[in-house]
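Remarks on the structure that follows.
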Amino acid sequence: MPLSINGVLCTLTVLILWQAEKLVEACSCAPVHPQQAFCNADVVIRATVVGEKAVDTENIYGNPITMIQYDVKQIKMYKGPDQDIEEIFTAPVSSVCGVTFDTSGKKDYLISGKVEAGGKMHVTLCDYITPWESMSPTQKTSLTQRYQMGCDCKIVRCPSLPCAISAPEECLWTDLMMEKQVHGRQANDYACVKRADSSCSWYRGNAPPKKEFLDIEDP
């Protein structure tokens with residue numbers, strides 16, 4: 001029996017609402033270079049996660065919500081407050097950007113996040129969080145100096161070719177376009193560093209940039 005026009009419209013409406021609900025529930029994050037993630041974060045630590053539990057708390061409007069509290073053993077702090085971080089909070093499910101950690105205590109993570117009310121560290125899937133062993137040697141050494149040196153610079157993602165910087169304090173990030181991946185050569189091996197003339201340029205290597213690099217006009 002053929003469907004009526006009203007029936008077809010009703011079916012389409014249900015499908016559209018279902019798809020819209022799926023979109024609302026999804027967690028979407030724009031790709032970010034590790035240096036930019038470092039500069040955007042309030043806290044950046046290397047830590048081992050040793051436990052988890054659900055806790056009841058309140059959102060900024062005073063409404064009750066459930067969060068996941070992860071207990072961590074901080075190994076090193078690269079950016080953040082004076083005291084060690086012992087707990088990290090995140091949403092309970094990935095659809096609202098909640099993060100899931102291995103709590104066996106056998107894996108070290110680099111964890112970046114925000115400090116919110118009461119000095120608590122909160123993390124989401126949009127923060128830079130990765131197993132320590134997956135990081136390149138350059139990324140690890142850049143955490144101690146080079147990323148911070150470039151926080152006055154702006155790393156601009158190339159969305160399509162051709163692309164170019166629009167200001168001297170920008171570095172063009174082309175990994176997604178040239179290598180079709182977020183963790184390409186620039187993400188793994190380069191930092192965007194500010195030079196003596198206030199312009200910014202990509203720098204490669206484990207050691208901090210030398211004065212000659214900072215003073216020259218072109219890298």
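Computed over heavy atoms, backbone and side chain alike; hydrogens, waters and symmetry mates excluded.
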**OP:** Could you verify whether a donor N or O on one side chain and an acceptor N or O on the other, from Asp127 and Ser112, lie under 3.5 Å apart?
**Re:** no
Original post:
Between the side chains of Ser142 and Thr138, is a donor N or O closer than 3.5 angstrom to an acceptor N or O?
Top reply: no
For the residue pair [X] and [Y], establish whether any side-chain heavy-atom pair is separated by less than 4.5 Å.
X: Gln69; Y: Met67; answer: no
X: Arg157; Y: Pro31; answer: yes
X: Thr130; Y: Met135; answer: yes
X: Asp175; Y: Val182; answer: no
X: Ile75; Y: Tyr109; answer: no
X: Trp132; Y: Lys140; answer: yes
X: Val156; Y: Cys171; answer: no
X: Tyr190; Y: Trp173; answer: no

Do [X] and [Y] share a hydrophobic cluster, counting only Ile, Leu, Val, Met, Phe, Trp and Tyr and linking them when any side-chain heavy atoms are less than 4.5 Å apart?
X: Val32; Y: Ile129; result: no
X: Phe89; Y: Val43; result: no
X: Ile68; Y: Val49; result: yes
X: Trp202; Y: Leu143; result: no
X: Met77; Y: Val50; result: no

Original post:
Stepwise, does the side-chain hydrogen bond (donor to acceptor under 3.5 Å, both in side chains) test hold for Thr66 with Asp56?
Top reply: CA-CA 5 Å; Thr66 298; Asp56 295 324; 3.3 Å; yes
**OP:** Examine distances only and state if a side-chain atom of Ser199 and a backbone atom of Arg195 form a donor-acceptor pair shorter than 3.5 Å.
**Re:** no
Subject >> Sidechain-backbone polar pair: Glu169 side chain, Ser198 backbone, donor-acceptor under 3.5 Å >> reply: no
Does [X] [atom1] have over 12 foreign heavy atoms under 6.0 Å away?
X: Glu86; atom1: CD; answer: no
X: Lys79; atom1: NZ; answer: yes
X: Lys114; atom1: NZ; answer: yes

Value rounded to 0.5 Å, distance of [atom1] in [X] from [atom2] in [Y]:
X: Gln36; Y: Lys154; atom1: CD; atom2: NZ; answer: 8.0 Å
X: Thr174; Y: Glu179; atom1: OG1; atom2: CD; answer: 7.0 Å
X: Tyr128; Y: Leu110; atom1: OH; atom2: CG; answer: 6.5 Å
X: His33; Y: Asn40; atom1: NE2; atom2: CG; answer: 12.5 Å
X: Ser201; Y: Ile165; atom1: OG; atom2: CD1; answer: 8.5 Å
X: Met149; Y: Cys200; atom1: CE; atom2: SG; answer: 10.0 Å

Minimum heavy-atom distance [X]-[Y], with the two atoms named:
X: Val72; Y: Ile85; answer: CG2-O, 3.4 Å
X: Thr90; Y: Gly98; answer: OG1-CA, 3.4 Å
X: Leu125; Y: Ser94; answer: CD1-O, 3.7 Å
X: Ala47; Y: Ile111; answer: CB-CD1, 4.4 Å
X: Asn188; Y: His183; answer: ND2-O, 3.1 Å
X: Cys192; Y: Cys153; answer: SG-CB, 3.5 Å

Original post:
Can you say whether the rings of Phe38 and Tyr147 are parallel (under 30°), tilted (30 to 60°) or perpendicular (over 60°)?
Top reply: tilted
Subject >> Geometric class of the Phe101/Tyr70 ring pair [parallel <30°, tilted 30-60°, perpendicular >60°] >> reply: perpendicular
Original post:
Would Ile45 and Tyr78 satisfy side chain to side chain contact (heavy atoms under 4.5 Å, CB included), going step by step from the backbone distance to the final call?
Top reply: CA-CA 6 Å; Ile45 61 173; Tyr78 299 98; 5.7 Å; no
Original post:
Are Cys97 and Cys126 close enough, and set up right, to give a disulfide bond (SG atoms under 2.5 Å apart), and what steps lead you there?
Top reply: CA-CA 7 Å; Cys97 297; Cys126 296; 4.4 Å; no
